2 protein chains.
Amino acid sequence: MISPSLDEARKELVIGLEARKLVVMVASCSVEYTGRTGSHLGEGERLVIVKGDGCILVHRGRDYQPVNWQPSGCIIQAHANDGTLILKAVRPNPLESLTLVVREVQFLGTFLLQDDAEFILHASEEEMQRAIILQPDIIEPGFKILDYEKKVPPGFVDVYGVDAEGNTLVIEIKKDPAGFPAIKQLLEYLKYLQAPQGKKLRPIIVAPSVAKGSQSTLAKSGIEFKQLTLQKAVEVLQKHARSDQQALKSWL
Amino acid sequence: MISPSLDEARKELVIGLEARKLVVMVASCSVEYTGRTGSHLGEGERLVIVKGDGCILVHRGRDYQPVNWQPSGCIIQAHANDGTLILKAVRPNPLESLTLVVREVQFLGTFLLQDDAEFILHASEEEMQRAIILQPDIIEPGFKILDYEKKVPPGFVDVYGVDAEGNTLVIEIKKDPAGFPAIKQLLEYLKYLQAPQGKKLRPIIVAPSVAKGSQSTLAKSGIEFKQLTLQKAVEVLQKHARSDQQALKSWL
DNA sequence: ATGTTTATGTCGCGT
DNA sequence: ACGCGACGTAAACAT
């Protein structure tokens, strides 16, 4: 619908809301919000999006984030009022409401999106862990893994094993430059772990780098640092994926 | 444009990008992201928004937040490739890139949004402070303000003054239910303040309520609590706005 | 340019 | 339902 009358737009909007379809509207409107705080936006042309799960977004011509919005789970209604189209979105908890006063609609479309794909986010910390587990010698030659996600009272040890001399390695992985929280976390874990008789406990932080202000703290803490970048981790994973494929081929 | 061919869509897209217009597209596409981490989203129908300032949003049929995005300041380009339309958005710093492979376009529109309105957010904490400053007796009768945003080493005291007996009031305002952080903050400030000879120092938290778990801590801390809701604050502000207007009228 | 704090943060997970 | 932490947080602000 291009440049529909307000009443045509209202009817289409109501039908779209009923069917829980995606509604996309470009319109001149003003916006009021009241709830956790309040806001006011005077009249102007904006992109308005209403989704089937009851959320609403009001976007201006710039900026990543919507100028006004309401998250999923709102009650959304449209009705005519005194020559304008009123669009209200009320969120029950916390109670907050968003009201659009629409003066003119440039475009209105409703869509039923067919979309069953799964969204996969590659969490880099997890990939780093998988790379270490697949190929422990990227930490150091002779390193053998005994356990991972090993439970200790304060949480889980990312990787746990022994080095070539039989010392116990306790590895904490961070995807970002390792800072004070990582050090503190690892020290907490150490309280609940001990090396075999005559052997040492070697705490190691594995991360792409050490955070600026934490260099000296790390040095004093007795924790070792081993660099592992995401890129290196991905390389290791791909190498093993290839060899897995090779193995599969030779099996068939 | 309704159900354009991929090539028609590409042309319109390029024109829209050139003109830095808002581009709204409903299309079947798959999405890849690599940068700080990586993500993959298989084919499906989505709403794609490209704004004039070089940001891009990919929305699915549900959820407030986009499934993939790129913030403002990206280099965005569209080109045909092997029977598909490729849309790439590259962010220079940090280096990350978003790639859409578009198979079919249901709708594509470009818009130049006329929007000069100012967005005003009513920060409730600030409004509460203004209400107290305009009418100090909402805290208690006889309260006189000496200063606000008063600098102390750990930060700023929201409101600072004396009660009817000459005791010093130190007020910390919170818009949300006051919890442990507010108590701690106020206690920090107190270290650097003292009452006149023979007078008391009265720390007070002003907030709509006290957080559940902090009731007992607050009681033990020696800090007083005075309820002030946003609604009450807004009432006070409106009353004074009206009296200001009255004064202005009588002046003319 | 870089680090820090805020947000109508939102969202997912555990109790 | 509520509390807590994570996020590709993004954005504003101070350094």
Side-chain angles (χ1 to χ4, degrees), chain A residues 31-41 51 53-60 62-74 89-99 119-127 154-156 174-177 179-182 185 208 211-214 230, chain B residues 31-41 51 53-60 62-74 89-99 119-127 154-156 174-177 179-181 185 211-214 230:
Chain A
V31 189
E32 297 294 328
Y33 160 76
T34 116
R36 284 167 288 178
T37 94
S39 77
H40 166 86
L41 179 63
K51 294 196 188 184
D53 62 346
C55 67
I56 182 167
L57 309 166
V58 182
H59 274 278
R60 306 185 82 168
R62 47 191 68 263
D63 298 331
Y64 157 81
Q65 73 162 38
V67 63
N68 279 111
W69 71 93
Q70 206 69 279
S72 304
C74 292
V90 177
R91 183 186 188 184
N93 204 323
L95 180 60
E96 45 187 358
S97 88
L98 187 68
T99 308
F119 177 72
I120 297 163
L121 180 69
H122 313 304
S124 47
E125 197 164 305
E126 189 184 314
E127 305 211 326
F156 298 86
K174 289 293 163 197
K175 71 182 172 72
D176 296 313
F180 184 68
Q185 189 180 349
K212 263 184 186 164
S214 303
L230 176 58
Chain B
V31 190
E32 297 293 330
Y33 160 78
T34 103
R36 283 168 288 177
T37 87
S39 77
H40 168 86
L41 180 63
K51 294 196 188 184
D53 63 344
C55 68
I56 182 168
L57 309 166
V58 182
H59 274 277
R60 306 186 80 168
R62 49 192 67 261
D63 299 331
Y64 156 80
Q65 73 164 33
V67 63
N68 278 112
W69 72 93
Q70 207 67 284
S72 304
C74 292
V90 178
R91 182 186 188 183
N93 202 320
L95 180 60
E96 42 187 0
S97 88
L98 188 67
T99 307
F119 178 71
I120 297 163
L121 180 68
H122 314 302
S124 49
E125 200 163 304
E126 187 185 315
E127 305 213 325
F156 297 86
K174 288 293 163 199
K175 71 181 172 71
D176 296 313
F180 184 67
Q185 189 180 351
K212 263 184 186 165
S214 303
L230 176 58

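All of these numbers come straight from a predicted model, not from anything done at the bench. Reminder, nothing fancy here: chain letters follow the sequence lines and each chain counts from 1.
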Q: May I ask you to test the B:V67-B:V31 pair for a side-chain heavy-atom distance under 4.5 Å?
A: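 No, too far: nothing below the 4.5 Å cut-off.
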Q: Parallel, tilted or perpendicular, judged at 30° and 60°: which one describes the rings of B:H59 and A:H59?
A: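 It falls in the perpendicular class, over 60°.
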Q: Could you check whether any side-chain heavy atom of A:I120 comes within less than 4.5 Å of a side-chain heavy atom of B:L41, counting everything from C-beta outward?
A: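 Heavy-atom side-chain distance check fails, nothing below 4.5 Å.
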Q: Do the non-hydrogen side-chain atoms of A:P94 and A:R36 ever get within less than 4.5 Å of each other?
A: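 Yes, their side chains come closer than 4.5 Å.
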Q: What residues, two or more places apart in sequence or in another chain, satisfy side chain to side chain donor-acceptor pair (under 3.5 Å) together with B:E32?
A: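 Residues passing side chain to side chain donor-acceptor pair (under 3.5 Å) with B:E32: B:H40.
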Q: Taking all atoms of both residues into account, what is the closest heavy-atom pair of A:I56 and A:L98, and its distance?
A: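 Closest approach of A:I56 to A:L98: CG2-CD2, 3.8 Å.
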Q: Got a sec, which residues hit side chain to side chain donor-acceptor pair (under 3.5 Å) with B:S39, two or more places apart in sequence or on another chain?
A: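 B:N68.
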Q: A side-chain contact here means heavy atoms from C-beta on lying under 4.5 Å apart; do B:Q65 and B:R60 qualify?
A: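 Result no, sub-4.5 Å side-chain heavy-atom pair not found.
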Q: Below 3.5 Å is the cut-off: list the nitrogen or oxygen pairs between protein and nucleotides 11-15 of chain C, distance only.
A:
unit_1	atom_1	unit_2	atom_2	d
C:dC11	OP1	B:Y64	N	3.4

Q: Figure out the CD/C1' separation between A:E126 and D:dC7, and round it to whole Å.
A: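 Taking CD of A:E126 and C1' of D:dC7, I get 16 Å after rounding.
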Q: Atom CD of B:E32 to atom C1' of D:dG8: distance rounded to whole Å?
A: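 Nearest whole value for this atom pair: 14 Å.
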Q: Which is true for B:Q70 with a 4.0 Å heavy-atom rule: it touches a base, it touches only sugar-phosphate, or it touches nothing?
A: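 Touches a base.
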Q: Can you measure A:I56 atom CD1 to C:dT10 atom P for me and round it to whole angstrom units?
A: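 Those two atoms, CD1 and P, are 14 Å apart.
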Q: Could you tell me if the side chain of B:V90 sits less than 4.5 Å from the side chain of B:L95, heavy atoms only?
A: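 Answer yes - side chains close enough.
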Q: Considering only the C1' atoms, how many Å lie between C:dT5 and C:dG9, rounded to the nearest integer?
A: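 That atom pair is separated by 13 Å.
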Q: OP1 or OP2 of D:dA10 less than 4.0 angstrom from a side-chain nitrogen or oxygen of B:R36, does that happen here?
A: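 For D:dA10, OP1 or OP2 has a side-chain N or O of B:R36 closer than 4.0 Å.
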Q: If you take all heavy atoms of B:E125 and B:K175, which pair is closest and at what distance?
A: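 Heavy atoms of B:E125 and B:K175 come nearest at OE1-N, 3.7 Å.
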Q: Sort by first number and list every stem of DNA chain D: at least 3 consecutive Watson-Crick or G-U wobble pairs, both distances under 3.5 Å.
A: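 Looking at DNA chain D, the stems formed by three or more consecutive pairs are C:1-7 with D:9-15, C:9-15 with D:1-7.
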Q: Tell me: NE2 of A:H122 to P of D:dC7, nearest whole Å?
A: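 Distance, rounded to whole Å: 15 Å.
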Q: Any side-chain heavy atom of A:L57 sitting closer than 4.5 Å to one from B:Y64?
A: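 A side-chain contact under 4.5 Å exists here.
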Q: What is the minimum heavy-atom distance between B:L230 and B:S124, and which atoms define it?
A: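 In terms of heavy atoms, the two residues are closest at CD1-CB, 3.4 Å.
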Q: Give one of base, sugar-phosphate or nothing for A:F119, where a contact means two heavy atoms less than 4.0 Å apart.
A: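 The answer is nothing, as A:F119 stays clear of every strand by at least 4.0 Å.
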Q: Send over the distance from A:L41 CG to C:dT8 C1', rounded to a whole Å.
A: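 Going from A:L41 (CG) to C:dT8 (C1'), I get 14 Å.
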Q: Between the protein and nucleotides 5-7 of chain C, which nitrogen or oxygen pairs are less than 3.5 angstrom apart?
A:
none

Q: How about B:P66 and B:V58: do any of their side-chain heavy atoms sit closer than 4.5 Å?
A: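 No, every pair of side-chain atoms sits at 4.5 Å or beyond.
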Q: Pairs under 3.5 angstrom, nitrogen or oxygen only, protein versus nucleotides 1-6 of chain D, please.
A:
none

Q: A side-chain contact here means heavy atoms from C-beta on lying under 4.5 Å apart; do A:Q70 and A:C55 qualify?
A: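 Not touching, per the 4.5 Å side-chain cut-off.
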Q: B:L98 CG to D:dG8 C1': how many Å, rounded?
A: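 Result: 11 Å.
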Q: Starting at CD1 of A:I120 and ending at P of D:dG8, how long is that distance when rounded to a whole Å?
A: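 About 14 Å, once rounded to whole Å.
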Q: For atom C1', what is the distance between C:dC11 and C:dA7, given to the nearest Å?
A: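 Those two atoms are separated by 14 Å.
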